[in-house]
Structures are given as C-alpha cells and as structure tokens.
A.B. asks: 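Take this structure first; my questions come after.
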Amino acid sequence: MRSKVVCNCRLGSKCRTGVFISVPLRSTFCVGTSYILAVKVSYIVAVIMVDYKVQGSFAILEVNNPPVNALSHAVRSGLNDGIEKASRDRNVKAVIVCGKGATFPAGADIREFSKPKKEPWLPEIGHKMEKCEKPVIAAIHGTCLGGGLEIALFCHYRIALKTARVGFPEVQLGLLPGAAGTQRLPRVAGLQVAMDMISSGRHVLATEAKKYGIIDELCLKAVKASVDFPYEKGLEMETEFFKQLLGSGQSKAQQYAFFAERTIARWEMPNGNYRTAVAKPVKSTAVIGAGTMGSGIVVCLLSAGIPVYLMEQNEKFLNNGLKMIKSIMEGSVKLGKVSPEVGRKAATLLKPTMNYNDLKDVDLIPVLVKTCRGFLANRMHGPFGTEGTFLVEEGALPSQVDRVMEDFGLPIGPFKVRDLSGVDIAYKIKQEVAKLLGIKTTLQTRFMNGERYCALNDRLFHLGRLGRKTGKGYYKYEKAGGKIATEDSDVTDIIEKHCKELGIQRRQISSQEIVERMMYSCINEGFKILEDGIAVRPEDIDVCYLYGFSFPRYLGGPMFYANQIGLQRVYERICYYHENFPYSPHWVPSRLLRKLAAKSVPMNEWMAYATGSKL
Ligand SMILES: CCC[C@H](O)CC(=O)SCCNC(=O)CCNC(=O)[C@H](O)C(C)(C)COP(=O)([O-])OP(=O)([O-])OC[C@H]1O[C@@H](n2cnc3c(N)ncnc32)[C@H](O)[C@@H]1OP(=O)([O-])[O-]
C-alpha cells in the first residue's frame, strides 16, 4: 500500500479524489470524496491504490494493492476515478487496466464482505469501462480471478502473459461471481465452459482461456446469446443470487476457512516462528507397517518423488502392502492424479525391507499409531469415535450413524473409517491403554478405570471382522481388501447379542442426537485443547479438521461450526449429555466454553480467555 498526501483542503470541505485515511500528525490535510469531520491533529492521507499515468496516448490504470491487488473499496474508487479521468482526457486514445507487482486483481477484497457495502460497485465501474468511447484493454498477468476477471470481461480487449491464470473461485467461498461474471463469461466463452469454470472454481491457464475466447487479443468477441434472459435481467438475477449467497452461513464458513488456512501459516513457538524456521531437506524416509494407512503414506511420499523404505516384520504383510501400493499408484496414473513418469519412478524409489538397520540413516519416519491421548486431531477425535460406539450400543446401527454423519457433510462415516483403518487398530489401542492401567478387559467389561467402556469393537475383533482387509468388519465387502461396503445382518445380530448379554435396553436414536453427540463431544475437547494451549487459536483446530478429516468446508471446521450454532446452545447440550452420561469424562464441560458462552464472546476474542486470569 502506498500513501501520498495529495491535497491540502480545509477541514470540513469536500475532498476531490478518493479514499483517505488519517494518521496522527500535526497539521490537517484532506483528500477524497468524503467530507472531513472530526479532525484535530491529523494528516488525512490519500491511499492511492490505483496509479494513474499517461504514456503517449495511453492512460494506464495500474492497481497497486499488494499482495494480490484485491478490489478493495479504495481500488474500486481509484478505478472509477481513473476511467472517468481517461474518458475526459483528450490526449488519451486508449486505456490499459493492469496490476502492479505479482498479479492482475485476484478478486474482490474478501475481508470487506463482512463490512457495510461501499460504492462504487464493481458492475458500475465495469459498465463505465464498457461504455468508454476509447478502447479499454485488460493487460493480465499472475492470477486474474473473481472480480478481477469480471473487470477484464468488461474491458473491450484482454491480453495476457502465457503464464497468467484466470478463474472464478467464488464457489470455494460459497459464492457465485457477483459482478456480471455469470452473464458475461457465457457470452464470451460459451455456456459449457462458463458452467465448468464457475462451478469448479478451477484456474485456467491463459493459453487455455484464449481457446475459449475469455482472453481476446484482437477484438471483443461477438456477444453470444447464450442465456435465457437479456443482459440487464441476467445481471439483476446475478446480483440477487450473489446477495443471497453472501448472507449465507455456507459462504461465511468458506470465507473463514480461506483466512484460517493463511492465519495458521503464521505459527509461533517458544523457540522459533514461521519467519525464522528453515525447512530441512527430506532425502529419504521410512514407513513402518504395510497396512492400509502405512501403504497410503508410502503412496503420498512416492507421488512427491521421495525415496521410502517400507518396513514389515512379516514377509506376507510386506508383499500384501507392496501389492496395495502398486495398485494405488497404477490407479492414480489412470485417473491422472500423478503423471506416468512419476508412476514409473515410484517403483525405483520404493525399498521394501524387514531389517531395522536399513532405517538408521533416514531423515523422516512418520508415526502411524499413537497410544497416548494424542495432541490435537487424535485427542479431539477420540470422543467422536467413542460416542459413535456408545450410540450403537444404545440403539443405533453403524450404518445409521454413518448415514447421518455423511448427511452432515463428512465424506465417509466413522464406522466405514474404522473398517478402513482396521478394527484391530482400534482394539489394540484400547488394549495398550488397559495394559498401562493394569486392567484386563473381557467382552462383559462396561467400565475401565471408572469410565464407561464398550466392548463391541472387541467382539468384532475376536470374530476376525477386522474391516476391509478381511472383507468384513462393521460392514461386509465384496472381497478381502474390497471397497464396497454393504450392510450386514450378522453385524446387527452381533450388536443385539452384545446388548442382550449386558442387559442393555436398546432404543430409537434420532439423527439430531447422533450429530450432537458426535460433534459436541469433540468440540468440547477442542475447547479443552485451547485451554491447555495445545492449539493457539481455533483456526489451528479447524484447518486440522478440514485437511485431516475432510471436514466440510462449508461448515468452516468444528470450532467455527460451534460458533455458528451459538456457544450457549452448545454448552447447554454438553451439560445435558454430561448429566446423562456421567461416566464419560469427555462430557465434562470445558471451563473455557462455559466462560465464552456466558459472555457471548466473539470468535476472534476467544483466545484472550483461553489461559490465565480470564479463564
Ligand atoms: C461483487 C464481487 C463479486 C466477485 O465475483 C466476488 C469475488 O471476487 S470473491 C474473490 C475471488 N477471488 C479469490 O477467491 C482469490 C483468493 N485468493 C487466492 O486464491 C490466492 O490468494 C492467490 C491465488 C490469488 C495468490 O496465492 P498466494 O500467492 O499463495 O498468496 P496467499 O493466498 O497467501 O495470499 C496472500 C495474502 O493475500 C490475502 N488475500 C488473497 N486473496 C484475497 C482477497 N481476494 N481478498 C482479501 N485478501 C486476499 C491472503 O489472505 C494473504 O494475506 P495474509 O495476511 O498474508 O495471510
């Protein structure tokens, strides 16, 4: 951002040129279209975000709002003034719109969506550009996205560097292009291309875009009658839809997720931070365990071109793992997820071994299974998994829990996940905990160390129902290692037998109870994680869920979801479940949550209450 003192108007007079900010200095200057009011000791300094210069017979409007030249109010004002000025200037024969630094404008300023709207609007500026009697040319480099592409589509001509990318990523923010993009792109690029770009949000290289006619070096493409309504009506409808989406919870969550991803990158630790940390090169890695999870990690490492040792104690398991990896890599190549070259190279990068000595010089060994409570993801997901099993013990079926959670937005239900990772893994983790406590569990065990215990998973384990790998677990599969989960009446019998033996009266369980118990138990743990300083802000937890568990982006993450529901409501329901399930410590309400709920603290202020005296 560049600040300039542009004029020296009197206090109370009307400014001429644009947006202004005030900084505490001695004298009074003002610039802008607004009246300057309560200014005693301030400089009013114009924030020039569009540089206007004339070179020969060209007026150049260069957007200067780093880092991505977002179309903030100041930029819009600058573009508006610039196009008016260029239209008036007799020496100007053509106008060029471009971006300074890394990129052409990458869209509207998302931070302004939560603030009151300020004129001029983008379509208004666009229409001024379109009506300008002098040719207006968009000179595109970097990422020309969203509102930036809409501005370009209003220009009479578009020229671009080959490396430039254009796109409408609004869908990733739960929006649609709201400055005539839905009306103008189909007319320039055709309905099919427009539908694809708008609904996928994908960035298109300038070379591809040129084929579609979005970037046009020669002349404005003839406007195609590609939609059902005349332009004005189409524009009106687009504005209405955009407004509806902007006010929706979904868009708010997606905007939150966008910024959360960037916020967490600015991490701070007692011994360093994101600025001082230096990445260590990873030249070799090892994965111990050739099961489903281990093989999946090997595939990720190979796809990134990193050499990896795959370690197993048993030749049979090692060979099974190698087969699985080969088949996943081949599938990835077929689907175009990795290039054939990467696929071919993978075979040379993978080194199977049964000898620990081979691992002595590797740079990285990912830890697959932790027996402790876990730090963030495992710790929060513990209550989630436990509640799922309790719900089944009380009356739900695994398929019901999965269906409800998939409807909620998870890509795959918790019991399908358990079949994928292995019923034996969940069993062994529990047995490790029991061993540490010096307890021996049986199929009749209902409490462990004073806490509720459900032995249903143990039953499946003892029946050899280990999940996908054995062709049956909480579901049945077409074959061992199969992927198609089908409900299995044998599982219902096992559950009913379990309940009968233990004298548990089964009951109807509602979808609402399933969502609340699965989600609120892990949200409660999330607040305890904040209290304990394991995560330094709710965004850490949410991004971890978005990436680690494919939590639906349109809900933002579990902590944002809790905030949307209302902390008071979430807290009350947690207290209710705590009263009803006193032997499950994960229902003990978080102190932080109690405090935040009582004071209705906004999310961006939660952390002030997370530690120390306020808690
Ligand atoms: C009426 C309007 C209708 C219109 O149709 C609606 C829209 O245009 S909707 C918009 C449609 N457009 C989009 O959705 C594009 C969203 N942007 C992107 O996809 C990437 O930023 C981009 C690919 C451009 C650059 O990637 P990169 O090089 O890896 O850089 P980076 O990602 O690390 O970002 C650097 C910094 O810039 C910040 N910031 C970025 N964009 C915006 C923004 N629009 N606003 C505000 N801020 C934004 C970002 O937070 C970060 O800040 P910080 O404080 O340093 O953390």
Side-chain angles (χ1 to χ4, degrees), residues 1 49 63-77 79-80 99-127 140-154 163-185 194 197-206 234-248 250-268 273-275 537 539-540 543 553 604:
M1 183 192 300
M49 288 191 177
V63 178
N64 183 6
N65 183 17
V68 300
N69 287 325
L71 294 157
S72 64
H73 176 240
V75 171
R76 297 198 306 276
S77 301
L79 283 174
N80 189 55
K100 195 176 179 111
T103 184
F104 195 83
D109 187 336
I110 305 166
R111 289 182 203 277
E112 287 186 356
F113 287 164
S114 50
K115 298 179 188 160
K117 278 184 139 194
K118 280 200 208 163
E119 288 182 19
W121 320 130
L122 272 187
E124 187 184 324
I125 302 163
H127 285 127
I140 299 168
H141 77 298
T143 40
C144 166
L145 305 174
L149 179 53
E150 287 172 311
I151 281 292
L153 286 169
F154 275 111
T163 49
R165 287 172 183 274
V166 299
F168 278 130
E170 281 85 345
V171 64
Q172 281 147 16
L173 299 168
L175 296 170
L176 52 73
T182 65
Q183 299 306 299
R184 304 185 79 92
L185 186 61
M197 284 182 65
I198 291 169
S199 61
S200 72
R202 75 189 176 92
H203 299 184
V204 172
L205 259 180
L235 209 55
E236 210 177 274
M237 287 167 70
E238 180 198 76
T239 306
E240 183 48 37
F241 295 148
F242 184 77
K243 264 196 225 153
Q244 276 176 26
L245 287 172
L246 197 57
S248 71
Q250 175 166 340
S251 173
K252 288 197 176 85
Q254 288 177 231
Q255 289 170 40
Y256 162 84
F258 176 86
F259 289 116
E261 284 165 351
R262 283 147 182 89
T263 303
I264 63 144
R266 288 188 286 268
W267 56 271
E268 302 272 349
N273 61 42
Y274 72 100
R275 278 187 223 93
R537 56 207 148 192
E539 285 89 342
D540 292 340
V543 174
R553 208 175 166 79
N604 59 0

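Both counts, for ligands and for their atoms, begin at 1 and track the order of listing. Because only heavy atoms are used, hydrogens play no part in the values below, and waters and symmetry mates are left out as well, while side chains stay in.
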A.B. asks: Do any non-hydrogen protein atoms sit less than 4.0 Å from atom 26 (O) of ligand 1?
C.D. replies: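 Under 4.0 Å from atom 26 (O) of ligand 1, zero protein heavy atoms found.
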A.B. asks: Between the side chain of Ser200 and the main-chain N/O of Arg202, is any donor-acceptor distance below 3.5 Å?
C.D. replies: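 Such a contact is found between Ser200 side chain and Arg202 backbone.
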A.B. asks: Among protein heavy atoms, which lies nearest atom 47 (N) of ligand 1, and at what distance?
C.D. replies: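 Ranking protein heavy atoms by distance from atom 47 (N) of ligand 1, first comes Phe259 CE2, 4.1 Å.
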A.B. asks: Is it the side chain, the backbone, both or neither of Gln172 that has a heavy atom closer than 4.0 Å to ligand 1?
C.D. replies: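 For Gln172, there is no contact with ligand 1 at all, from either part.
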A.B. asks: Pick one of side chain, backbone, both or neither for how Val68 approaches ligand 1, counting any non-hydrogen atom pair under 4.0 Å.
C.D. replies: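 It is the side chain that gets close, since no backbone atom is under 4.0 Å.
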A.B. asks: So, does Glu150 use its side chain to make a donor-acceptor pair with the main chain of Gly178 at under 3.5 Å?
C.D. replies: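 The answer is yes, because a donor-acceptor pair under 3.5 Å joins these two groups.
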A.B. asks: Kindly identify the option in Gln255, His203, Arg165, Arg262 whose heavy atom sits closest to atom 33 (O) of ligand 1.
C.D. replies: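 Heavy atom nearest to atom 33 (O) of ligand 1 belongs to Arg262.
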A.B. asks: Below 4.0 Å, non-hydrogen atoms only: which portion of Thr143 touches ligand 1? Side chain, backbone, both or neither.
C.D. replies: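 For Thr143, only side-chain atoms sit under 4.0 Å from ligand 1.
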A.B. asks: Apply the side chain to side chain contact (heavy atoms under 4.5 Å, CB included) test between Arg76 and each candidate in Met49, Glu112, Glu119; give the one that qualifies.
C.D. replies: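 Passing option: Glu112.
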A.B. asks: Heavy atom to atom 44 (N) of ligand 1, shortest distance: which of Gly107, Ala108, Pro105 holds it?
C.D. replies: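 Closest candidate by heavy-atom distance is Ala108.
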A.B. asks: As a test of the contact definition, would atom 35 (C) of ligand 1 count as having a protein heavy-atom neighbour under 4.0 Å?
C.D. replies: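 Protein heavy atom within 4.0 Å of atom 35 (C) of ligand 1: present.
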A.B. asks: Tell me, please: is Trp121 in heavy-atom contact with ligand 1, that is, under 4.0 Å?
C.D. replies: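 The answer is no: ligand 1 sits nowhere under 4.0 Å from a heavy atom of Trp121.
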A.B. asks: Please name the pair of heavy atoms, one in Ala180 and one in Phe154, separated by the smallest distance, quoted to 0.1 Å.
C.D. replies: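 In this case the closest contact between Ala180 and Phe154 is CB-CZ, 3.6 Å.
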A.B. asks: Look only at interatomic distance and state if Leu145 has a nitrogen or oxygen under 3.5 Å from any nitrogen or oxygen of ligand 1.
C.D. replies: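 There is no such contact.
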A.B. asks: Should the proximity of Phe258 to ligand 1, defined as any heavy atom under 4.0 Å, be assigned to the side chain, the backbone, both, or neither?
C.D. replies: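 The answer is the side chain of Phe258.
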A.B. asks: Does ligand 1 have a heavy atom under 4.0 Å from the side chain of Pro169, from its backbone, from both, or from neither?
C.D. replies: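 Contact part for Pro169 vs ligand 1: side chain (C-beta onward).
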A.B. asks: Ile110 to ligand 1: N or O pair under 3.5 Å?
C.D. replies: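 Among all N and O atoms of Ile110, at least one is under 3.5 Å from an N or O of ligand 1.
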A.B. asks: Give a yes or no answer on whether the side chain of Glu539 reaches the backbone of Thr263 with a donor-acceptor pair at less than 3.5 Å.
C.D. replies: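 Checked: no pair found.
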A.B. asks: Could you say whether the N/O atoms of Ala106 and ligand 1 ever approach to under 3.5 Å?
C.D. replies: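 The answer is yes, given that Ala106 and ligand 1 share an N or O pair closer than 3.5 Å.
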A.B. asks: Under 4.0 angstrom from ligand 1, any heavy atom of Gly181?
C.D. replies: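 False for this residue.
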A.B. asks: Heavy-atom distances under 4.0 Å are what count here, so tell me which part of Pro67 touches ligand 1: side chain, backbone, both or neither.
C.D. replies: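 The answer is the side chain of Pro67.
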A.B. asks: Go through the side-chain N and O atoms of Thr182 and Glu238 and say whether any donor and acceptor fall under 3.5 Å apart.
C.D. replies: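 Checked: Thr182/Glu238 side chains pair up, N/O donor to acceptor below 3.5 Å.
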A.B. asks: For Leu173, which part has a heavy atom under 4.0 Å from ligand 1: side chain, backbone, both, or neither?
C.D. replies: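 The answer is the side chain.
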A.B. asks: Please tell me if the side chains of Phe113 and Leu175 come closer than 4.5 Å, counting only heavy atoms from C-beta onward.
C.D. replies: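 Phe113 vs Leu175: side chains touch.
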A.B. asks: Would you say the side chain of Asn69 lies within less than 4.5 Å of the side chain of Phe104, judging by non-hydrogen atoms?
C.D. replies: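 With C-beta onward as the side chain, the pair stays apart.
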A.B. asks: Is it true that a side-chain atom of Asn80 and a backbone atom of Ile125 form a donor plus acceptor pair closer than 3.5 Å?
C.D. replies: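 Flag not set: sc Asn80 to bb Ile125 has no pair under 3.5 Å.
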A.B. asks: Which is it for Phe168 and ligand 1 at heavy atoms under 4.0 Å: side chain, backbone, both or neither?
C.D. replies: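 Near ligand 1, Phe168 shows nothing, with every heavy atom at 4.0 Å or more.
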A.B. asks: Would you say the side-chain atoms of Ser251 pair up with the backbone N or O of Leu173, donor to acceptor, closer than 3.5 Å?
C.D. replies: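 Side chain of Ser251 to backbone of Leu173, a donor-acceptor pair under 3.5 Å: yes, one is there.
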A.B. asks: Keeping the roles fixed (side chain from His203, backbone from Val166), state whether a donor-acceptor pair exists under 3.5 Å.
C.D. replies: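 No: the side chain of His203 does not pair with the backbone of Val166.
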A.B. asks: Do me a favour and list the nearest non-hydrogen protein atom to atom 55 (O) of ligand 1 with residue, atom name and distance?
C.D. replies: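 Result for atom 55 (O) of ligand 1: Arg266 NH1, 3.6 Å.
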A.B. asks: For the backbone of Val171 and the side chain of Gln254, can you confirm whether one donor and one acceptor N or O come within less than 3.5 Å of each other?
C.D. replies: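 Yes; at least one donor-acceptor contact below 3.5 Å.
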A.B. asks: Using a distance threshold of 4.0 Å (strictly less than), state whether atom 5 (O) of ligand 1 has a protein heavy-atom neighbour.
C.D. replies: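 Under 4.0 Å from atom 5 (O) of ligand 1, at least one protein heavy atom found.
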A.B. asks: Indicate whether atom 29 (O) of ligand 1 is within a distance of less than 4.0 angstrom of some protein heavy atom.
C.D. replies: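 So atom 29 (O) of ligand 1 lacks protein heavy-atom neighbours under 4.0 Å.
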A.B. asks: What is the closest protein heavy atom to atom 2 (C) of ligand 1, and at what distance does it sit?
C.D. replies: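 Nearest protein contact, heavy atoms only, for atom 2 (C) of ligand 1 is Phe242 CZ, 3.8 Å.
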A.B. asks: To check you understand the geometry: which heavy-atom pair defines the closest contact between Phe242 and Leu176, and what is its length?
C.D. replies: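 Nearest heavy atoms, Phe242 then Leu176: CD1-O, 2.9 Å.
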A.B. asks: Under the side chain to side chain contact (heavy atoms under 4.5 Å, CB included) criterion, do Asp109 and Val75 qualify, and how do the steps go?
C.D. replies: CA-CA 10 Å; Asp109 187 336; Val75 171; over 6 Å; no
A.B. asks: Against heavy atoms of Pro177, which atoms of ligand 1 measure under 4.0 Å?
C.D. replies: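 Per the distance check, 5 (O).
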A.B. asks: Looking only at protein heavy atoms, which one is nearest to atom 46 (C) of ligand 1, and what is the separation?
C.D. replies: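 Closest protein heavy atom to atom 46 (C) of ligand 1: Asp109 OD1, 3.2 Å.
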A.B. asks: Among all protein non-hydrogen atoms, which one is nearest to atom 52 (O) of ligand 1, and what is the separation to 0.1 Å?
C.D. replies: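 Nearest protein contact, heavy atoms only, for atom 52 (O) of ligand 1 is Arg111 NH2, 4.1 Å.
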